[in-house]
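Some notes on the structure that comes next.
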Amino acid sequence: MDMQQAGQRAEEILDDTMEVIQPSVKWVRGVAMVSPCSTNLNEPTGTTTVVRSRNILTVVSERRRGELLKMVQRHWEKRGAKDFDVHSDEKMPRIRATTADGLTVTLDVGYAGNVYIRAAFGCAQDSAMTYPEGTPGQPGGPEEPERIPHEHSPYWSATGS
């Protein structure tokens, strides 16, 4: 897989994941990252790790976080992901898995309750790469992505019983 293919596949996985979250949440694209791969002697390999992400701007209450993680995990399982690593921390839970085509997918809850989902492909063959419109740090996109949730949902933001 080359960098363009890895970026496109990551975007497909992320879009598919966001669609399965119901009720829907408001989200924005996160920063697209690339990192050159190298040997143990720090020599270039002609490959680059490609990372794409989504930041969920809907406030997801502590009460609803487990439900969100289970919903996404079930979806990824149905899509053939495997090797799940589940970190069940009450404040900052995380799930990570590997897709059938080798991407690592992760859903993390950050310290401020911010939820983000990433898809990454390690060491894709170097190539030219394009980015979707609105990608932070890319032409036409914002300089910095929104990261802190501020949208309220009757369902996802609920704190009562």
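Stacking of Arg9 on the aromatic ring of Phe121 is not recorded, the 6.0 Å distance cut-off and the 45° axial limit not both being met.
Put simply, Val59 and Ile117 are part of two different groups of oily side chains (I, L, V, M, F, W, Y) that touch within less than 4.5 Å, one to the next. Leu14 and Met71 fall within the same hydrophobic cluster, where Ile, Leu, Val, Met, Phe, Trp and Tyr residues are linked whenever their side-chain heavy atoms come under 4.5 Å apart, directly or through other members. In terms of hydrophobic clustering, with Ile, Leu, Val, Met, Phe, Trp and Tyr side chains grouped at heavy-atom distances under 4.5 Å, Ile13 and Met3 are assigned to different clusters. No path of Ile, Leu, Val, Met, Phe, Trp and Tyr side chains, each step under 4.5 Å between heavy atoms, connects Ile56 with Tyr116, placing them in separate hydrophobic clusters. Note on Ile95 and Val51: separate hydrophobic clusters, where clusters join Ile, Leu, Val, Met, Phe, Trp and Tyr whose side-chain heavy atoms are under 4.5 Å apart, directly or indirectly.
With respect to Asp108 and Arg118, a salt bridge is recorded, a charged nitrogen being found less than 4.0 Å from a carboxylate O. In this structure, Glu67 does not pair ionically with Lys70, as no charged nitrogen and carboxylate oxygen lie closer than 4.0 Å.
Residues passing the side chain to side chain contact (heavy atoms under 4.5 Å, CB included) test with Ser24, sequence neighbours excluded: Gln22.
Side chain of Trp156 to backbone of Thr58: no donor-acceptor contact under 3.5 angstrom is found. In this structure a side-chain-to-backbone donor-acceptor pair under 3.5 Å is present from Arg65 to Lys91. Looking at Thr98, its side chain never comes within 3.5 Å of a backbone N or O of Gly102 through a donor-acceptor pair. The closest donor-acceptor contact from the side chain of Ser127 to the backbone of Gln4 lies under 3.5 Å. Side chain of Thr135 to main chain of Tyr131: no donor-acceptor pair is present (N/O by atom type, distance under 3.5 Å, no hydrogens or angles). Under the 3.5 Å distance criterion, the side-chain polar atoms of Gln8 are left unmatched by any main-chain donor or acceptor of Gln5. Side-chain N or O atoms of Ser61 include one that pairs as donor or acceptor with a backbone N or O of Ala158 at under 3.5 Å.
The OG1 atom of Thr48 sits 13.5 Å away from the CE atom of Met33 when rounded to the nearest 0.5 Å. Rounding to the nearest 0.5 Å places CH2 of Trp27 at 14.0 Å from CD of Glu151. Note that SG of Cys123 and CE of Met1 are 13.0 Å apart. Values are rounded to the nearest 0.5 Å. Note that NE2 of His75 is 11.0 Å distant from CE of Met18, once rounded to the nearest 0.5 Å.
Side chains of Arg94 and Leu107 form no contact here, defined as non-hydrogen atoms less than 4.5 Å apart. In this structure the side chain of Met129 reaches within 4.5 angstrom of the side chain of Val50, judged on heavy atoms. Looking at heavy atoms from C-beta onward, Thr49 lies out of side-chain contact with Val34 at the 4.5 angstrom threshold. When side chains are defined from C-beta on, Thr99 counts as touching Val105, because their heavy atoms get closer than 4.5 Å. In this structure, Arg29 and Pro132 have side chains that are in contact, with non-hydrogen atoms separated by less than 4.5 Å. Contact annotation: the side chain of Leu69 approaches that of Val109 to within less than 4.5 Å [non-hydrogen atoms, C-beta and beyond]. Here the side chains of Val86 and Gln73 are in contact, with some heavy-atom distance below 4.5 Å. Looking only at side-chain heavy atoms (C-beta outward), Asp85 and Asp83 stay at 4.5 Å or farther from each other.
Closest of all the heavy-atom pairs between Arg52 and Ala10 is CG-CB, 3.8 Å. Residues Ala6 and Leu103 share a closest heavy-atom pair of O-CD2, 4.3 Å. When all heavy atoms are compared, the tightest approach of Gly30 to Pro145 is CA-CB, 4.3 Å.
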Please walk me through it: do Thr45 and Thr39 pass side-chain contact (heavy atoms from CB on, under 4.5 Å)? CA-CA 7 Å; Thr45 62; Thr39 67; 3.8 Å; yes
Go through it in stages, so that I can follow the logic: the residues are Arg147 and Val28, the test is side-chain contact (heavy atoms from CB on, under 4.5 Å), and I'd like the CA-CA distance, side-chain angles, deciding distance and then a yes or no. CA-CA 9 Å; Arg147 298 177 197 267; Val28 293; over 6 Å; no
Could you go through Arg54 and Asp15, starting from their C-alpha distance and side-chain angles, then the distance that decides it, and tell me whether this counts as salt bridge (charged side-chain N to carboxylate O under 4.0 Å, His left out)? CA-CA 9 Å; Arg54 301 288 185 269; Asp15 288 344; 2.8 Å; yes
Decide side-chain contact (heavy atoms from CB on, under 4.5 Å) for Glu146 and Asn55; before the verdict, give the C-alpha distance in whole Å, the side-chain angles of both, and the deciding distance to 0.1 Å. CA-CA 7 Å; Glu146 291 183 77; Asn55 299 337; 5.8 Å; no
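Residue Lys78 qualifies as open at atom NZ: its count of foreign heavy atoms under 6.0 Å is 12 or below.
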